[in-house]
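Here it is, the structure in full.
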Amino acid sequence: MSKRQMIAVVIPCHNEAAGIGQVIEKIPRSKLAQDGFDVTVYVVDNNSSDNTAQVAQDAGATVIVERQKGKGYALRAGFRALPKTVDYVVMLDGDDTYSSSELPRMVEPLQNQFCDVVVGTRLGGHICDNAMNTFNRLGNWFFTNAVRTLYRANVTDVLTGYFAWKKEALDIIYPHLTSSGFAIEMEMVTKMARLNLSMTSVPVSYHPRAGESNLRPVHDGSRILHMLMGNLFWRPKQISAIRKIVFVSDAIYPYFKGGKEKRLHELSKQLVRMGYDVHIYTMKWWKQPEKTRIEHGVKLHALCKHYEMYHGNRRTIREACMFSLACFRLFRVRFDVLDVDHMPFFPILTTWIVCKLRRLRLYGTWHEALSSKDWTEYMGKSGYIAALIERMSVRLPHAITAASLHTKEKLANIHGRIDRVGLVASGLDLQLLEDIEPADTKTDILYVGRLVKDKNIDRLFDAVSIIAGRNPGVRCTIIGHGLEEQRLRKQAKKQGIADNVTFLKPLARAEDIYAYMKAARVFCLPSVREGFSIVTLEALGCGTPVVTTNAEANAARHLIEPNKNGSIVPCDPKHIAQALSFWIDQAGRVSIPEVTQYDWRNLAQDQVEIYNL
């Protein structure tokens, strides 16, 4: 028997609850199975305010959440989530205008090696009454003939939403896609023509849409025209030119167990697996005498000795200054890309000088962006100086990687940095998550992280005290250490919940943390300041709902879909207790949405794309 082939169907959706169920159900799975195909449907929920995601999930689709609004963003999120085992990729809209029952017709030319890409043509197919108005017909005719003339592309409908690719052909075009909105189809067709991918058109039927249209004809038409003309002289960049990537960060994982350190650790490992020469320049965290060591294929370099990073709950100026001065040693280092961590800001100035004198570009990674108000609440009057330093630092890198959508929006709204700001969130090792079994020790409420003031563990203890009043057997596990540990132990005893709360030291292996997460009924993060929150993502990946706060500086809230995978509440004990009690009672009866878009392998590819901006 021949090997079965896999078709991935990617459907970008914004408020398509009226049609998405029909689109999924009409896919002829039985016929495709007889022809030797397995089908997986990926629905990308692009900030829908209706129940699009739930309808899609009920119909058997894998739901991916993309919060950056725009069809281009949604499609790229869907493409990133595809496993390597896929053979063919089909894209269509979720409004039931295209017939998903015609999917075998789209794939057949690819299977027979007739072409690399199939474009479903409405103009050469059957357009039902009231499905396309005269204005849209004329616009489509104009753009199609322009592309055929200027790009010599063998297509008869360039604005269609029905495409099919060989997976290797999609892999070629994907790194070059940048559109955010409806110009994505024009970008794909024109760039595929420039990349010499063989295309053919297949007639498809077109029906009146279900629900309201998201297309703005004049606004989106102008963007499509700009894309048509802008790509006339486009040529693909030589992405393979990047070889040696240098990261600069004063703290590294696992010596310092923070979210941003874990993110750098995982991304750098994936970049090594992709064939890049990856180096991290940091303080000397290890006890061994050598100044250079290799861990997981990543080369670690000590620029200076280790300095204490914190005094009380605040970062020390001494450590920031000493590490910043040590960064001048990078003058002696050869690299293709230098990416510096934004915190504690001073190294940005040093590395900018290094890159400026060597006529190289500086890249920066931002995990959070704070306003003057945020800084003064954290540091008092000296916070105004810190806010000024951040505002200056934001302007120095050629391109910035924002570690969350929340941070990207803050960079734009607070500091006015909009150009060349990419988004690469933190991620998960999905394969590892799938293989881990729940820990034998069960718990109702779990917290994992540093025990510091901003995390508000004392509010969690107040909430546990409230819950214990009606449920004396409630169990809460705290995994982590920090300056607040002794005070929190005393608080637990004073409130009479010492028997309800278990303190555990940080666990060395991620597998052990995931096991505890899978064994917990609910994860709680009462923090008011998070740049992204990997632990929240990890808990969701383990199928555990999360309760977190609605604080403006808490980016973890953007990962939560209320009543689906957790709760967003005010940072006060009463509301936290109510939410925790709800999820404790719901344990085992809630289906947590998929988080496949956060796989580290896809995120590492996104990071490389930013270096080519």
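Throughout, residue positions are numbered sequentially from 1 according to the sequence presented. We use all heavy atoms of the structure for the numbers below, so side chains are in, but hydrogens, waters and symmetry mates are not. Model, not experiment: these values are computed from the prediction.
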Trp165 vs Phe79, ring pair (Phe, Tyr, Trp, His ring centres under 6.0 Å): CA-CA, chis, key distance, verdict: CA-CA 11 Å; Trp165 296 268; Phe79 295 156; 5.6 Å; yes
For Asp95 and Arg209, indicate whether the former's side chain and the latter's backbone hold a donor-acceptor pair under 3.5 Å. no
Answer yes or no: is there a side-chain heavy-atom contact under 4.5 Å between Val298 and His279? no
Distance (rounded to the nearest 0.5 Å) between Thr536 OG1 and Asn554 CG: 7.5 Å
Do the side chains of Lys26 and Asp96 get close enough for a salt bridge, i.e. N-O under 4.0 angstrom? yes
Tell me the closest heavy-atom pair linking Lys191 and His176, and the distance in Å. NZ-O, 2.7 Å
Run the salt-bridge test on Glu530 and Arg557 with the 4.0 Å N-O cut-off and return the result as yes or no. no
Test side chain to side chain donor-acceptor pair (under 3.5 Å) on Ser49 and Asn15; report intermediate values, then the result. CA-CA 6 Å; Ser49 57; Asn15 291 340; 3.3 Å; yes
Checking the side chain of Asp35 only, and the main-chain atoms of Phe37 only, is there a donor and an acceptor separated by less than 3.5 Å? no
What are the two closest non-hydrogen atoms of Asn51 and Ala17, and how far apart are they? OD1-CB, 3.2 Å
Classify the side-chain pair Lys564/Gln54 by whether it contains a donor and acceptor separated by less than 3.5 Å. no
Exam field: side chain Thr52 to backbone Glu16, donor-acceptor pair closer than 3.5 Å: yes
Got a second to check how far Ile534's CD1 is from His265's NE2, nearest 0.5 Å? 10.5 Å
Contact between Asp87 and Gln111 at the side-chain level, heavy atoms closer than 4.5 Å - yes or no? no
His415 side, atom NE2; Leu370 side, atom CG - distance, nearest 0.5 Å: 7.0 Å
Considering only NZ, NE, NH1 and NH2 on the basic side and carboxylate oxygens on the acidic side, decide whether Lys244 and Asp336 come within less than 4.0 Å. no
Any donor-acceptor pair under 3.5 Å from Ser99 side chain to Ser101 backbone: no
Salt bridge (charged side-chain N to carboxylate O under 4.0 Å, His left out) involving Glu266 - partner list, sequence neighbours excluded: Lys269
Decide if atom CZ of Arg601 counts as having more than 12 heavy atoms of other residues, nucleotides or ligands within a radius under 6.0 Å. no
Might you point out which heavy atoms bring Glu185 and Gly161 nearest each other, and give the distance in Å? OE2-CA, 4.2 Å
With rounding to the nearest 0.5 angstrom, report the CG to CZ distance, Leu405 to Phe532. 10.0 Å
Below 30° counts as parallel, above 60° as perpendicular, anything between as tilted: where do the rings of His406 and His558 land? tilted
Does the distance from a Lys or Arg side-chain N to an Asp or Glu carboxylate O, for Glu187 and Arg223, drop under 4.0 Å? no
side-chain contact (heavy atoms from CB on, under 4.5 Å) assessment of Leu603 paired with Gln270: CA-CA 9 Å; Leu603 295 172; Gln270 292 299 330; over 6 Å; no
On the 0 to 90° scale, with breaks at 30° and 60°, tag the Tyr611-Tyr363 ring pair as parallel, tilted or perpendicular. perpendicular
Would you call Asp606-Arg76 a salt bridge at under 4.0 Å N-O? no
Test your reading of the model: is there a side-chain donor-acceptor pair from Asp116 to the backbone of Leu197, 3.5 Å cut-off? no
Given 3.5 Å as the limit, does a donor-acceptor pair link the side chain of Tyr42 with the main chain of Ile64, or not? no
Nearest non-hydrogen partners of Leu177 and Met188, listed with the distance: CD2-CG, 3.7 Å
Kindly indicate whether the side chain of Leu75, heavy atoms from C-beta on, has any atom under 4.5 Å from the side chain of Phe163. no
Between Gly125 and Pro203, which heavy-atom pair has the shortest distance, and what is it? CA-CB, 3.8 Å
Is there a donor in the side chain of Thr156 and an acceptor in the side chain of Thr121, or the other way round, less than 3.5 Å apart? yes
Got a donor-acceptor contact below 3.5 angstrom from the Asn602 side chain to the Arg80 backbone? yes
Heavy-atom pair with the smallest gap, counting every atom of Val421 and Ala402: CG1-CB, 4.3 Å
Got Met132 and Arg122 here, is their nearest side-chain heavy-atom distance under 4.5 Å? yes
How long is the span from the CH2 atom in Trp600 to the OG atom in Ser426, to the nearest 0.5 Å? 4.5 Å
Hey, does Val86 have a side-chain heavy atom less than 4.5 Å from the side chain of Thr40? no
Just wondering, do Val10 and Val90 contact through their side chains at under 4.5 Å, heavy atoms? no
Check: Tyr151 ring centre within less than 6.0 Å of Trp234 ring centre: no
Got a donor-acceptor contact below 3.5 angstrom from the Ser48 side chain to the Asp45 backbone? no
Enter the distance from Asp339:CG to Ile610:CD1 here, rounded to the nearest 0.5 Å. 8.5 Å
Which of these, Val147, Asn140, Val189, sits in a side chain to side chain contact (heavy atoms under 4.5 Å, CB included) with Asp157? Asn140
Just by distance, with hydrogens left out, do His207 and Ser205 show a side-chain donor and acceptor under 3.5 Å apart? yes
Step-by-step salt bridge (Lys or Arg N to Asp or Glu O under 4.0 Å) determination, Lys262 to Glu538: CA-CA 12 Å; Lys262 178 69 177 298; Glu538 289 174 330; 3.1 Å; yes
If we ignore hydrogens and angles and just use 3.5 Å, is the side chain of Asn145 paired with the main-chain N or O of Trp141 as donor and acceptor? yes
Is Asp38 close to Ile7 at the side-chain level, that is, under 4.5 Å between some pair of heavy atoms? no
Answer whether the closest heavy-atom distance between the side chains of Leu32 and Leu103 falls below 4.5 Å. yes
Report yes or no: is the cationic atom of Arg243 (NZ for Lys, CZ for Arg) closer than 6.0 Å to the six-membered ring centre of Phe335, at no more than 45° off its axis? no
Whether the side chain of Asn112 engages the backbone of Phe114 through a donor-acceptor N/O pair (distance < 3.5 Å, no angle test) should be reported. no
